[in-house]
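Numbered from 1 within each chain, the chains take letters A, B, ... in sequence-line order. Side chains are part of it too, since the values below use all heavy atoms of this structure and drop only hydrogens, waters and symmetry mates.
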There are 2 protein chains.
Amino acid sequence: MEGKKTVRAAERALDILLCFTRKRELSLTEITRMTGLNKSTVYRLLATLEDKGFLVRDSETDKYQLGFRVWELYANLSRTDDPAILFLPEMERLRDTVEETVSLYFRDGFERIRVQAVESLQAIRRVAPLGARMPLAVGASSKVLVAFATPAEQRAILADPSWPSSVDRERYRRQLEEIRDQGYATSVEEREAGTSAVSVPVLGRDRRMIAALAVSGPVERLTMDRMKEIVPRIMEATSRMQKMAAK
Amino acid sequence: MEGKKTVRAAERALDILLCFTRKRELSLTEITRMTGLNKSTVYRLLATLEDKGFLVRDSETDKYQLGFRVWELYANLSRTDDPAILFLPEMERLRDTVEETVSLYFRDGFERIRVQAVESLQAIRRVAPLGARMPLAVGASSKVLVAFATPAEQRAILADPSWPSSVDRERYRRQLEEIRDQGYATSVEEREAGTSAVSVPVLGRDRRMIAALAVSGPVERLTMDRMKEIVPRIMEATSRMQKMAAK
DNA sequence: AACTTGGTTTCGATAGGTGAAACAGCTATT
DNA sequence: AATAGCTGTTTCACCTATCGAAACCAAGTT
């Protein structure tokens with residue numbers, strides 16, 4: 001599939017690191033189970049990761065968790081212009097007016113990734129783990145991220161062989177046009193049972209999309225009417241975000 | 001040195017990742033130079049890192065930079081109880097009252113690492129890159145981090161063979177006692193010419209130290225007298241932080 | 001046209017990573 | 001006390017996947 005020549009040992013080490021996006025604390029055996037690798041292989045790789053400071057182990061439980069080095073790398077990632085931090089205040093403000101969970105998504109290849117979220121304060125609410133990756137085929141934000149991508153990107157995405165066959169591409173394509181027209185997308189129990197969502201693109205200067213901002217919640221509360229009602233609220237937020245991103 | 005059996009390929013991959021803490025954008029040849037590895041080795045490892053999403057390459061310059069996966073990992077690092085975020089408001093408050101740069105340091109092995117910083121708003125100020133690593137032998141925060149470590153940790157640190165010979169251990173040990181007595185440490189042009197700093201430990205519940213909070217600035221402005229003056233300010237901040245950390 | 005400078009590919013030799021299995025240390029169960 | 005069961009750790013012989021030199025391209029420079 002991937003033509004590139006890669007290094008297996010390194011690949012495995014990175015896979016192990018990524019296990020920690022699913023669970024904060026992991027023991028050696030848990031990791032061997034998750035990765036399907038041999039126990040001693042994992043053992044050696046864990047030793048390397050620990051040695052380099054990417055993992056630390058809790059002195060009591062002996063379980064591993066992500067170490068300082070991750071933090072260090074993060075600190076050198078984007079930073080000042082990091083929308084995940086930059087937009088946070090605006091997202092909180094939106095959350096307070098609509099009283100539902102607000103999420104910010106980026107597109108990364110054929111997936112979207114939740115880079116920031118502030119949760120509704122209501123008892124019944126959508127919980128949204130950061131860093132979660134989801135397919136581009138379903139969900140309001142996915143459709144926004146595809147609809148406002150450049151034509152070339154769009155072609156690439158729709159040509160993706162891993163696209164689920166359950167999603168009718170023609171119908172999807174028509175939806176995209178509609179979304180471009182009205183400037184927002186909605187979804188009702190599309191990706192996740194019991195939740196619906198509205199999403200709006202966040203455009204940078206030169207009109208290129210940088211992210212999708214979404215409000216999501218339980219279907220009972222977030223009806224179609226309610227969503228249409230709050231679209232202007234979201235747009236206010238995104239337009240302010242766009243001003244921030246422009247400077 | 002390190003008795004543990006580690007995996008070389010993985011080690012190298014991680015080394016390459018860490019190069020990006022020094023420079024945000026790197027090309028293949030730059031990395032080969034920095035690491036001293038063979039060009040094709042680096043090439044393959046970069047392919048692996050890119051494949052796994054830890055690096056992305058800029059379509060124009062062809063240079064690599066850290067990718068989303070780093071963000072994803074970070075998002076799953078501590079988080080809720082992450083002092084780097086938790087203490088930020090308190091640090092800003094302190095910055096506003098003392099009008100100097102405020103930094104938060106953790107100890108990691110035989111180094112300290114700047115995990116958070118808010119900069120003085122004055123024109124002349126200490127700039128403080130996040131994630132920077134510094135030796136434990138010099139600097140106000142280093143001394144705090146050593147002085148308030150557990151006896152066992154302290155022994156380990158002082159026994160570190162890489163300890164610079166220029167630092168007199170006996171004198172250092174006496175300083176530590178003094179610091180424990182008075183509850184804070186100062187330094188004048190110790191690690192960095194032209195800057196001085198005051199530092200105070202942030203203790204968690206059960207009195208164990210979790211970090212060192214420091215105020216630093218140019219020697220002209222941050223005189224000994226001035227530092228003694230602001231010690232109570234810092235302590236107010238740390239005591240509030242301690243309450244936050246306790247819950 | 002010869003010479004850089006950067007990324008990419010090939011290929012044979014062998015370092016070194018791999019996995020099975022044994023070991024050790026601990027707790028729960030009999 | 002003996003047993004079983006679950007960790008993490010270490011050993012070792014095999015052989016594959018990794019490595020580095022060198023060749024190869026493709027763009028710029030001189």
Within the pair [X] and [N], is there a side-chain N or O less than 4.0 Å away from OP1 or OP2?
X	N	value
B:S27	C:dG6	no
B:Y43	C:dG7	no
B:R8	C:dG17	yes
A:R12	C:dG17	no

Quiz item: Who are the side chain to side chain contact (heavy atoms under 4.5 Å, CB included) partners of B:R240, not counting sequence neighbours?
Solution: B:E90, B:R93, B:E236
Could you state the [atom1]-[atom2] distance from [X] to [N], rounded to the nearest angstrom?
X	N	atom1	atom2	answer
A:I31	D:dT9	CD1	P	12 Å
A:I16	C:dT18	CD1	C1'	13 Å
B:E11	C:dG17	CD	P	9 Å
A:L45	C:dG16	CG	P	16 Å
A:L28	C:dG19	CG	P	14 Å

Quiz prompt | Audit row: A:F54, A:T48, side-chain contact (heavy atoms from CB on, under 4.5 Å) steps and yes/no | solution = CA-CA 9 Å; A:F54 281 79; A:T48 355; over 6 Å; no
Practice problem: Name the residue closer to the 5' end of DNA chain D, choosing between A:T29 and A:V7 according to the nucleotide with the nearest heavy atom. | Solution: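 Per heavy-atom nearest nucleotide, the more 5' residue is A:T29.
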Practice problem: Not counting sequence neighbours, which residues clear salt bridge (Lys or Arg N to Asp or Glu O under 4.0 Å) with A:E170? List them please. | Solution: A:R173
Practice problem: Please list, chain by chain and in numerical order, all residues satisfying salt bridge (Lys or Arg N to Asp or Glu O under 4.0 Å) with B:R112, sequence neighbours excluded. | Solution: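 None.
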Quiz item: So does A:D108 pair up with A:R133, basic N to acidic O under 4.0 Å?
Solution: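 Salt bridge between A:D108 and A:R133, a charged N being under 4.0 Å from a carboxylate O: yes.
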Quiz item: Between B:E30 and B:R44, which has a closest nucleotide on DNA chain C that is more 5'?
Solution: B:E30
Quiz prompt | Close residues, residues 32-40 of chain B, relative to DNA chain C [heavy-atom separation under 4.0 Å] | solution =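 Listed by number, they are B:K39, B:S40.
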Practice problem: Please collect all salt bridge (Lys or Arg N to Asp or Glu O under 4.0 Å) contacts where either partner lies in residues 7-17 of chain B, sequence neighbours excluded, each pair once. | Solution: A:K52-B:D15
Self-check item: Inter- and intrachain pairs under salt bridge (Lys or Arg N to Asp or Glu O under 4.0 Å), touching residues 134-151 of chain A, at least two apart
Solution: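 Every salt bridge (Lys or Arg N to Asp or Glu O under 4.0 Å) pair that includes a residue of residues 134-151 of chain A, provided the two are not neighbours, is A:K143-A:E190.
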